[in-house]
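The structure appears right after this line, and notes come after that.
Ligands are counted one by one from 1 in listed order, and the atoms in each one are counted from 1 as well. Quick caveat, the model's predicted, so the values are computed rather than measured.
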Amino acid sequence: MKQLKELVRENIWNLKPYSCARDEFKGEAKAYLDANENPFNTLYNRYPDPLQWAVKEKIAELKYVKPSQIMLGVGSDEPIDLIFRVFCEPKQDNVVAINPTYGMYGVCADINNVEYRQVNLEEDFSLDADKVLKSVDVNTKVIFLCSPNNPTGNLLSEAQIEKILKGFDGIVVIDEAYIDFSDKPSWLTKLKKYPQLVILQTFSKAWGLAAARCGMAFASEEIISFFNKVKYPYNINILTQKLILEKLENIDIKENWVKEILSQRTLMIEELKQLSIVKHIYPTDANFVLVKVDDANLRYKQLVDNGIIVRNRNSVTLCENCLRITIGTAQDNKELLKALTSLA
Ligand SMILES: *Cc1c(COP(=O)(O)O)cnc(C)c1O
């Protein structure tokens, strides 16, 4: 890996971050008269902890990392955007991503005026590290990988990812939004070995908290310190911090949901196999399944007419005639299968 100083934008390296009242004084006091807050207690009259230490300590225990290796964002969207703002000089640097993948990396690249280079996955959605490495040049700051990948559902090969980590001297992002649904371990255990790694996870999927907007970035303390310097000071509000803490105390609930979703996923795949309109079911390690049908546009519309909404991925690279179907409750899935059976 290059020195961090060569990877971080010069203005960010030199940035003197905003110092808020809660940065300058931490701890207990008789009277807080430093932040121009309303003094009357409503539970919400005080600014929240800008670095969310209570939440991070819980997450750190669960994930076997240090609290200082975690950045919490407004969804994963915030750390994705921060990666551009910290590392990529607009109109000069570029990033490389697999294709197809999650759309947000490309949108953030466009917003930040950073070239977005796409490398197609193979026909079976597997990753060829050499192709990715070939598209890298001296201005490539970041490679975006997503495993399990969206919208394809598959995990990327450990050996191919390792090849990228060894062959590239910039930042490598692995988006693990769906890792809770996979039986393979997270890349979190490799953070020490590969200091260039940034791992993204989220409370939006398995944890059932999409509405709370909270994502996690894990990286070296040094990389996290740059994210903290650039993020809005009070990005995670106190309602979200309290809610996340409460959910972290009840991991069983999440684990039971994951079990149920995985058993529903197995059932769904078995049932889909029986349908003549289904041409191929791609292997999945996520809470959704990508399915090739005879005519995705037609089947999508017919499902909408039946009150069932799936994601039409027909126009996505390598996903012609594919629908992405989220695994729902037993009832949701029954409704979908009933509708599809009536069309077949
Ligand atoms: C759903 C999803 C996310 C989660 O985004 P949030 O902003 O945390 O809700 C992140 N990455 C991928 C690949 C996703 O599919």
What pairs meet the side-chain hydrogen bond (donor to acceptor under 3.5 Å, both in side chains) rule with one or both residues in residues 240-253, with sequence neighbours excluded? N237-T240
Do F181 and F288 have ring centroids that are under 6.0 Å from one another? no
Name all residues meeting the side chain to side chain contact (heavy atoms under 4.5 Å, CB included) criterion together with A54; count only those two or more places apart in sequence or in a different chain, and write none if there are none. L245
Ionic contact status for D305 with K301, cut-off 4.0 Å: yes
Does the plane of the ring in F227 sit parallel, tilted or perpendicular to the ring in F87? Use 30° and 60° as the thresholds. perpendicular
Pairs under 3.5 Å, N/O atoms on ligand 1 and on the protein: can you put them in a table with the distances?
unit_1: ligand 1; atom_1: 7 (O); unit_2: S76; atom_2: N; d: 2.9
unit_1: ligand 1; atom_1: 7 (O); unit_2: D77; atom_2: N; d: 3.4
unit_1: ligand 1; atom_1: 7 (O); unit_2: D77; atom_2: OD1; d: 3.3
unit_1: ligand 1; atom_1: 7 (O); unit_2: R213; atom_2: NH2; d: 2.7
unit_1: ligand 1; atom_1: 8 (O); unit_2: S76; atom_2: N; d: 2.7
unit_1: ligand 1; atom_1: 8 (O); unit_2: S76; atom_2: OG; d: 2.9
unit_1: ligand 1; atom_1: 8 (O); unit_2: T202; atom_2: OG1; d: 2.6
unit_1: ligand 1; atom_1: 8 (O); unit_2: S204; atom_2: OG; d: 3.4
unit_1: ligand 1; atom_1: 9 (O); unit_2: S204; atom_2: OG; d: 2.6
unit_1: ligand 1; atom_1: 9 (O); unit_2: R213; atom_2: NH1; d: 2.8
unit_1: ligand 1; atom_1: 9 (O); unit_2: R213; atom_2: NH2; d: 3.4
unit_1: ligand 1; atom_1: 11 (N); unit_2: D175; atom_2: OD1; d: 3.3
unit_1: ligand 1; atom_1: 11 (N); unit_2: D175; atom_2: OD2; d: 2.7
unit_1: ligand 1; atom_1: 15 (O); unit_2: N150; atom_2: ND2; d: 2.8
unit_1: ligand 1; atom_1: 15 (O); unit_2: Y178; atom_2: OH; d: 2.6
unit_1: ligand 1; atom_1: 15 (O); unit_2: K205; atom_2: NZ; d: 3.4

Please list all pairs meeting salt bridge (Lys or Arg N to Asp or Glu O under 4.0 Å) that have one or both residues in residues 177-186, counting only residues at least two apart or in different chains. D180-K254
